[in-house]
Amino acid sequence: MTIAPAPDRVPPTSAGLRPLLGRLVRRPAGAFGVAVVAALLLVAVFAPHVVPYDGATQDIPNRLQGPSGSHLLGTDGLGRDLLSRILLGVRIELAVALPAVCTSLVLGLLLGLVAGYRGGWVDNAVVVFMDTIQAFPSVVLALVLVAVLGPSLTNLVIVVAITFAPQSARVTRASVLALRQSPFIEAERALGAGTLRIIGVHVLPNVIAPLFILLAMNIPSAITVEAGLSFLGMGVQPPTPSWGVILSEGFADVYEAPWAVLWTALALVLTTIGFTTLGETLRDVSDPRLSGAKGLRYDR
Amino acid sequence: MDASNNIGNRTPGGLSRRNLLKYSALGVSLAGVSSLLAACGGEEGAGANISTKLLRIHLDEDISNLDPAFNAGHTNTTVRANIFEHLVTYRPDKFELVNELAEKFEPSSDGLRYDFTLKKGIQFHGGYGELTAEDVKFSYERIAGLTEPKIKSAYRSDWIALKGVEVHDKYSGTIVLKEPFAPLLATTLPVGSGEIVSKRAVEERGEAFGTSPIGTGPYEFVEWKRNQQVVLKKFANYGGAANYADKPLWGELRFVVIAEDNPTTIALETDELDFAVLGPTTVARVKKNNSFEVIEKTSLRYNWIGINAGHPNFKNKDVRLAVIHGIDVPSIIAGAFNGQWTRATGIVAPGMPIGYWKDAPVYQRDLAKAKEFLAKAGAQGMKIEMSVSTGTPGGAKVAEIVQANLNEVGFDVKVLVQEGGVFNQATPEANAQKQLFYMSYSTKPDPSWSTKWFTSDQIGEWNWMNWDNKEFTRLHNEALVEIDPAKRNEMYIRMQQLMDEDAVALWVAWPTASLAKRKGLKAPVRPDGDFIPWTFGRDA
């Protein structure tokens with residue numbers, strides 16, 4: 001007689017995600033989050049084709065202008081169009097945040113899987129390592145890493161990835177620890193399945209879903225770290241229109257022309273709220289305790 | 001019926017409309033009279049309103065060491081000027097020498113001997129006794145590296161010509177030089193390297209002297225809280241050597257450390273400062289503030305874009321000329337410094353007593369010419385780097401304007417905005433890597449202080465252009481021992497011509513020192529923007 005594994009969690013499929021998306025947009029917060037994120041993605045893709053100016057051309061005689069018909073959000077300290085620079089900045093923010101957070105998830109996933117499944121001294125070593133990284137405030141850790149690696153876009157991605165990896169490692173490890181003793185894993189093991197098969201076929205699909213929520217939640221944090229580092233001159237280098245660079249340059253002229261700081265800060269706030277509400281709602285609708293349906297959850 | 005009894009004619013507070021109008025009219029009249037009185041009295045009211053208990057002065061960076069031998073930065077100088085005195089010094093508002101601790105001060109005609117007699121009864125702070133000629137000898141010979149244990153002062157070059165100080169008796173002596181040294185009376189004796197310390201205090205305190213200094217000045221050191229404040233209090237036994245100024249007025253001088261420009265402005269507005277150094281972006285706002293006045297002086301400091309002639313990219317003079325003709329300096333001054341700084345045309349500012357080159361060329365941006373030079377060098381599309389420090393005000397904007405200008409010429413410019421510690425490494429390795437850089441050097445009222453960093457022996461240290469011009473170096477050394485001001489003037493102009501001929505720098509600005517003072521405060525300021533807080537007073 002064959003004992004059929006009875007998974008208590010179902011890996012999400014495209015068919016499974018569709019109703020999830022439906023539940024997501026039915027909630028106002030979810031719809032807002034989806035709208036903001038979709039708008040940001042559209043801007044990131046099409047900004048170079050729709051911005052009124054190229055964002056790099058300087059017009060010193062018209063520096064620090066307020067909003068007007070020719071410059072809807074005004075101009076910065078070198079006379080560049082602020083609307084164009086902020087829209088082009090979306091691409092830079094996502095170009096740092098998306099690869100950085102994805103890399104951090106992959107790193108964290110691998111470490112969490114190994115630590116959770118293997119246990120023993122490997123688990124202890126990974127936990128101590130992750131705790132050490134997490135002991136530093138993320139911006140401080142990032143500052144130290146940038147000081148070592150040097151400021152550049154690539155290094156920024158690496159730095160943010162390292163800074164955020166422990167979070168996904170902890171989430172993954174916690175899920176694996178719970179799964180490791182599950183009856184269906186025990187059954188697989190009893191049937192002679194190898195470690196790689198168990199991890200690849202049974203554990204991985206069950207731990208990967210919460211990481212999607214983490215992805216949405218971490219992107220605004222990564223953007224904030226990027227903006228912070230660029231503000232301090234340790235991130236993206238001028239004249240690349242990263243939001244941190246625009247904020248840093250605008251701060252010098254904040255009394256004369258608060259526009260650069262005001263609009264960029266609003267963009268940052270809107271992006272953060274958009275991604276965070278998306279992540280929060282995603283967690284809520286996928287939590288069986290909250291929605292009454294089988295779904296995804298993770299403990300933060 | 002009495003109108004005042006008419007309920008409907010009353011305001012909720014019980015005041016009738018008629019009375020309200022009457023009181024309002026009275027108030028307006030009183031305000032008018034008070035304005036008139038204020039106008040008649042000028043600043044009288046403002047000065048009388050300032051308490052003499054405490055004067056709060058802004059420092060735009062923290063101090064590090066108050067020992068004159070280990071001077072490191074302008075804020076140390078600002079604080080020390082209240083603690084230490086000199087044999088002779090400048091007046092607080094002009095470059096005119098006056099006796100301070102010296103009763104008599106007489107140079108010999110050959111410029112090799114300077115006889116001095118001290119004022120009697122001058123006391124050191126902290127009970128360290130009376131000032132003697134031995135303290136003068138120790139102070140100067142110590143910086144020159146002639147005392148034991150020998151110290152290595154960064155300012156030893158100020159006393160490079162010193163043979164020794166002969167002490168004749170308790171109050172008199174002679175400064176003896178190996179050769180004439182023109183800057184002695186300009187940038188050695190009247191300023192930091194001429195400050196007299198207590199020999200006993202230095203020997204007793206050692207390195208701690210830098211944070212517990214003992215001088216004879218009108219204020220003595222009380223405390224230093226790092227990155228917060230430095231406090232000095234009026235010295236009860238002050239000998240009164242500085243009789244060229246009014247007597248010290250303030251009970252306490254408090255120096256408040258605020259590094260950024262915007263918080264400094266806020267501190268002025270919230271009544272936490274009486275006097276502050278302003279950044280170019282905050283001047284306009286402070287000028288609108290009725291409680292403060294802004295003093296503006298074109299400083300002797302010089303800001304420039306250096307071209308590392310030792311770097312492979314810039315060994316060809318045509319490439320350097322493409323840079324010089326390709327950059328729009330007026331745009332830099334407008335964009336990075338709010339149009340408030342004076343365009344520089346050389347290393348010596350007009351306020352310097354000698355050496356200003358008034359016929360220096362003023363380069364206007366000429367894109368066609370710049371492209372021509374670049375084509376002549378066959379360097380179109382050359383990848384170059386422009387580095388600036390995060391600590392230099394407006395530096396990032398300068399770099400971005402240079403980048404935009406030179407990309408139009410045909411360069412491919414990468415901007416490096418570096419943290420101050422990285423940017424300011426004065427090592428041969430770091431210098432070799434620099435290409436274009438934006439830099440700002442402060443100086444003192446003698447042009448030798450400006451030219452000393454560009455001699456051949458400074459390559460690998462502060463001569464970041466790696467510019468090796470033997471004639472320049474020779475002229476610098478000769479001008480140090482030439483005591484005829486007219487001849488020196490010609491020599492310094494020739495040195496600037498040499499820099500121009502070799503196209504190693506594009507002069508950008510002589511920054512304006514903008515200082516905010518509370519109305520009613522009398523604040524003498526030197527032509528270069530330097531000031532001595534204890535000499536501040538109140539308008540009569």
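Keep in mind the model is a prediction, meaning the values are calculated, not measured. Within every chain, numbering begins at 1; the chains are lettered A, B, ... in the order of the sequence lines, protein sequences first and strands thereafter.
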Check your understanding: Which atoms form the tightest heavy-atom contact between P263(B) and E260(B), and what is the distance?
Key -> CD-CB, 3.5 Å
**Study point:** Part of E400(B) within contact of chain A (heavy atom distance under 4.5 Å)
**Key:** both
Practice item. Examine whether an atom of I266(B) lies under 4.5 Å from a heavy atom of chain A, and if so say whether it belongs to the side chain, the backbone or both; otherwise answer neither. Key: both
Check your understanding: Between I401(B), N338(B), N262(B), D328(B), which has the largest tally of heavy atom pairs under 4.5 Å with chain A?
Key -> N262(B)
Point to revise | Parallel, tilted or perpendicular: ring planes of Y302(B) versus W507(B), cut at 30 and 60 degrees | key: perpendicular
Review point. Would a line drawn from the ring center of W304(B) to the ring center of Y438(B) be shorter than 6.0 Å?
Key: no
Check your understanding: Can you check salt bridge (Lys or Arg N to Asp or Glu O under 4.0 Å) on K371(B) and E408(B), steps first, answer last?
Key -> CA-CA 9 Å; K371(B) 284 182 173 175; E408(B) 266 189 81; over 6 Å; no
Check your understanding: Tell me, side chain or backbone of A284(B) under 4.5 Å from chain A's heavy atoms, or both, or neither?
Key -> neither
